[in-house]
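Chain A is the first sequence line, chain B the second, and so forth, proteins listed ahead of strands; every chain is numbered from 1. The figures that follow rest on heavy atoms only: side chains count, while hydrogens, waters and symmetry mates do not.
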2 protein chains.
Amino acid sequence: MPGTASRADRPADRPAAHAGSRYGNRPTMKDVAARAGVGLKTVSRVVNGEPGVTPDTERRVQEAIQALGFRRNDSARVLRKGRTASIGLILEDLADPFYGPLSRAVEEVARAHGALLINGSSAEDPAREQELALALCARRVDGLVVIPAGDDHRYLEPEIRAGVAMVFVDRPAGRIDADVVLSDNFGGARDGVAHLIAHGHRRIGFIGDMPRIHTAAERLRGYRAAMEDAGIPVAEKWISLGATDPERVRRAAEEMLSGPEPVTAVFTGNNRVTVTVIRVLSRHPRPVALVGFDDIELADLLQPGVTVVAQDAAALGRTAAERLFLQLDGDGTHVAPERIELPTRLVMRGSGELPPVE
Amino acid sequence: MPGTASRADRPADRPAAHAGSRYGNRPTMKDVAARAGVGLKTVSRVVNGEPGVTPDTERRVQEAIQALGFRRNDSARVLRKGRTASIGLILEDLADPFYGPLSRAVEEVARAHGALLINGSSAEDPAREQELALALCARRVDGLVVIPAGDDHRYLEPEIRAGVAMVFVDRPAGRIDADVVLSDNFGGARDGVAHLIAHGHRRIGFIGDMPRIHTAAERLRGYRAAMEDAGIPVAEKWISLGATDPERVRRAAEEMLSGPEPVTAVFTGNNRVTVTVIRVLSRHPRPVALVGFDDIELADLLQPGVTVVAQDAAALGRTAAERLFLQLDGDGTHVAPERIELPTRLVMRGSGELPPVE
DNA sequence: CGCGCGTATGACAACGTTGTCCAGGCTCTA
DNA sequence: TAGAGCCTGGACAACGTTGTCATACGCGCG
């Protein structure tokens with residue numbers, strides 16, 4: 001009976017020339033149907049828990065599924081249904097402790113909405129960000145959470161028009177109008193620097209990342225604002241901007257700590273810089289006050305404890321993901337892009353409360 | 001001419017009842033073909049860079065692609081080709097700093113093989129691990145890197161038979177024969193404890209995770225082996241096994257540090273435990289030696305620096321992923337499951353070299 | 001006893017892509 | 001100039017699933 005032809009006899013008449021051979025011989029609904037002696041659609045109904053199947057038929061189908069080890073092919077399902085129930089997350093570096101909790105928070109929200117999370121690291125490279133984002137769109141993820149590396153995201157416009165939900169986190173999108181969830185970088189930096197000023201410092205250094213990165217620029221702006229509010233003129237030699245590799249940061253720190261009028265306090269622009277500066281200060285003869293942006297683990301156990309402006313990475317991720325599903329679950333009506341700013345928190349642990357020592 | 005019917009007229013005759021409506025009206029190869037005035041397959045050839053297309057035709061197709069904002073639907077591609085060019089990673093908690101570098105390393109290898117990484121956290125829950133693993137298999141990932149939470153992975157047998165590559169990391173699979181990449185937990189712990197013994201300690205505490213976790217059991221075994229090698233009988237009150245929440249760990253540490261014969265050194269079974277114990281010891285009147293399993297950031301800046309048995313998380317991830325692609329790229333011939341053990345490294349920073357203080 | 005209705009089931013097309021295979025037009029040569 | 005051979009391009013089926021629609025069956029009621 002030729003109609004019963006199924007996986008079992010395929011190798012015979014078509015010698016696995018075709019790539020599908022990779023999947024051993026995975027049973028399909030057709031195979032299950034044949035074995036259970038029912039129609040294809042009935043199997044589909046059972047697999048998806050749709051109503052309209054007699055208990056007896058259902059049992060037969062379930063047995064066939066068990067016997068064959070059938071598992072629904074979600075690729076085909078996706079193709080048919082249009083939704084993939086997966087979202088993408090593009091961040092800078094999964095190995096950075098700041099992004100771990102963020103990623104985890106996004107995943108939790110995705111899970112709550114029955115979606116899987118696909119993620120990729122851009123390594124702070126705009127080209128790689130674009131490549132990844134487009135690859136994810138080609139996979140037809142339902143939405144994308146992006147921590148931008150580049151500053152021009154017009155390449156995503158066709159995707160957004162095509163209905164891919166999109167939320168940017170940590171830094172705003174470049175040249176397109178889209179949802180963004182940020183920390184209050186400006187306010188946080190300003191408060192941190194003001195805290196140093198309140199403890200008597202006037203010569204305060206700032207070591208930050210490349211100003212093309214939005215967060216870095218905002219934090220620098222916060223630093224300048226705090227100094228200006230206090231009427232303190234800023235010497236440009238107190239400011240270091242650029243790559244945050246330990247070597248450069250170390251040199252920058254040593255430079256502003258030397259000379260005739262050294263800084264008595266340093267404000268560091270992110271966790272990596274903070275760690276490096278702590279190392280420098282630990283070998284420095286004079287005590288120097290320090291406030292860092294981003295919390296770091298074990299900051300409370302160092303001598304002195306490290307005062308930081310903490311952002312809530314998990315809250316950033318959670319908020320962004322929830323915003324994404326708001327776009328997705330909405331009944332097609334477009335949600336107006338919004339800018340959401342989350343507050344930072346000054347955590348005093350000692351290093352930021354040191355008095356100036358000349 | 002009815003044959004030319006395409007996206008443009010679909011809303012008219014079928015009022016978007018079907019779920020695909022989510023994707024606005026994404027252009028397909030058919031649309032591109034119509035616009036460029038060529039056949040469907042020719043578009044496919046251009047998109048995939050296949051030979052056999054005149055430069056002029058190619059240009060027309062490219063223009064149509066640009067104009068329509070076409071992007072290939074990889075779901076359909078996957079369905080047709082059988083391979084998804086994506087692998088799954090199931091770990092315990094992305095927010096744990098140990099897994100960040102591991103995950104990143106897996107991603108790098110995947111990227112080098114042109115694959116995307118889908119990941120999920122099991123939260124140390126076997127049921128959730130299984131749910132995730134099967135969901136990824138339903139998505140037809142080509143392979144799976146699993147950090148097991150459960151201890152019975154027979155549920156994956158049909159998947160492996162169906163050709164899904166599989167590698168376990170950090171802990172071996174339960175009740176199935178599969179590739180596994182591990183750190184030398186036993187040897188590392190034994191060396192760490194022997195190091196304390198070499199510095200004169202005899203009453204040494206061990207605080208670890210639940211022994212049903214393979215790594216925890218192995219490290220405990222290493223502890224006992226070192227003690228036995230030195231001829232030191234172990235008092236069971238020196239050993240604490242169980243959940244690693246800070247509160248329980250703190251109580252366990254305080255208990256073994258009090259009483260008539262307190263421990264003079266502690267060996268901690270993982271990074272979370274180590275951090276908690278550092279907090280306890282920092283408030284403890286007597287100096288107590290400490291060696292921890294897993295490196296922790298800033299361990300060198302604490303007073304004293306924290307001596308650790310470091311595993312190379314990135315190497316674990318890299319090795320596992322490479323092993324996975326070895327299975328995948330192999331010409332169908334089954335690769336015999338292997339157990340790969342990576343060495344650990346004792347990093348001396350001070351806390352492990354403290355002499356015993358009664 | 002026959003008709004109509006509700007329910008369980010199955011046939012079929014479609015999702016968007018790629019592999020196979022054939023047709024038509026070109027060049028080159030005898 | 002005609003035939004052989006090559007190269008470009010397109011028609012068609014198939015991947016495994018789900019939505020639509022039709023059918024067949026059983027049952028209750030007139």
Side-chain angles (χ1 to χ4, degrees), chain A residues 3 5-7 10 13-23 25-34 36-58 60-61 70-84 138-140 162, chain B residues 3 5-7 10 13-23 25-34 36-58 60-61 70-84 138-140 162:
Chain A
S6 174
R7 273 310 178 291
R10 181 189 289 168
D13 48 35
R14 183 165 20 127
H18 159 268
S21 62
R22 154 58 57 188
Y23 287 140
N25 277 349
R26 241 178 198 287
T28 70
M29 284 192 180
K30 201 164 136 191
D31 301 318
V32 175
V38 302
L40 179 54
K41 180 64 204 191
T42 301
V43 177
S44 171
R45 274 194 265 266
V46 171
V47 169
N48 295 296
E50 288 170 25
V53 179
T54 355
D56 181 57
T57 309
E58 163 150 15
R60 285 216 317 286
V61 172
F70 167 80
R71 184 117 34 227
R72 179 180 64 197
N73 184 334
D74 274 353
S75 299
R77 178 170 223 251
V78 156
L79 175 60
R80 186 63 228 257
K81 306 205 44 145
R83 289 285 286 268
T84 59
R139 283 301 180 86
R140 298 293 189 265
Chain B
S6 175
R7 274 308 176 293
R10 180 188 293 166
D13 48 35
R14 184 166 18 127
H18 160 266
S21 61
R22 152 62 54 192
Y23 288 138
N25 276 349
R26 244 179 196 285
T28 70
M29 284 193 179
K30 201 164 138 189
D31 302 319
V32 174
V38 303
L40 180 53
K41 180 64 206 194
T42 302
V43 177
S44 171
R45 276 195 265 263
V46 170
V47 169
N48 294 297
E50 290 170 23
V53 181
T54 18
D56 181 58
T57 309
E58 163 149 17
R60 288 217 315 287
V61 172
F70 167 80
R71 183 114 41 225
R72 181 179 64 198
N73 185 334
D74 274 354
S75 299
R77 177 170 223 252
V78 156
L79 175 60
R80 185 61 229 255
K81 304 199 57 142
R83 288 288 283 265
T84 59
R139 284 303 182 84
R140 297 296 188 265

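In terms of the side-chain contact (heavy atoms from CB on, under 4.5 Å) criterion, residue partners of A:D56 (sequence neighbours excluded) are, by chain and number, A:R59, A:R60.
One cannot find a donor-acceptor pair under 3.5 Å joining the base of C:dT17 and the side-chain atoms of B:R77.
Note: CZ (B:R139) to P (D:dT17) measures 14 Å, nearest angstrom. Look at NZ on B:K30: it is 12 Å from P on D:dA11, rounded to the nearest Å.
Closest approach to the B:L79 side chain among C:dC15, D:dC15, C:dT17 is made by D:dC15 (side chain taken as heavy atoms from C-beta onward).
Proximity of A:N48 to A:R72: side-chain heavy atoms (C-beta onward) are separated by under 4.5 Å at one or more points. Residues B:K41 and B:S44 form a side-chain contact, since some pair of their non-hydrogen atoms from C-beta on lies under 4.5 Å apart.
Summarising the geometry of A:R140 relative to B:R71, their closest heavy-atom pair is NH2-O, 3.0 Å, with the distance given to 0.1 Å. Considering all non-hydrogen atoms of both residues, A:A76 and B:L79 come closest at CB-CD1, 3.7 Å.
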Polar pairs (N or O, both sides) under 3.5 Å between protein and nucleotides 5-8 of chain D?
unit_1 : atom_1 : unit_2 : atom_2 : d
D:dT8  : O3'    : B:T54  : OG1    : 3.2

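Within residues 39-48 of chain B, the residues approached by DNA chain C to less than 4.0 Å at the level of any non-hydrogen atom are B:L40, B:K41, B:S44, B:N48, in residue-number order.
For A:K81 and D:dG19, the shortest distance from a side-chain N or O to OP1 or OP2 is below 4.0 Å.
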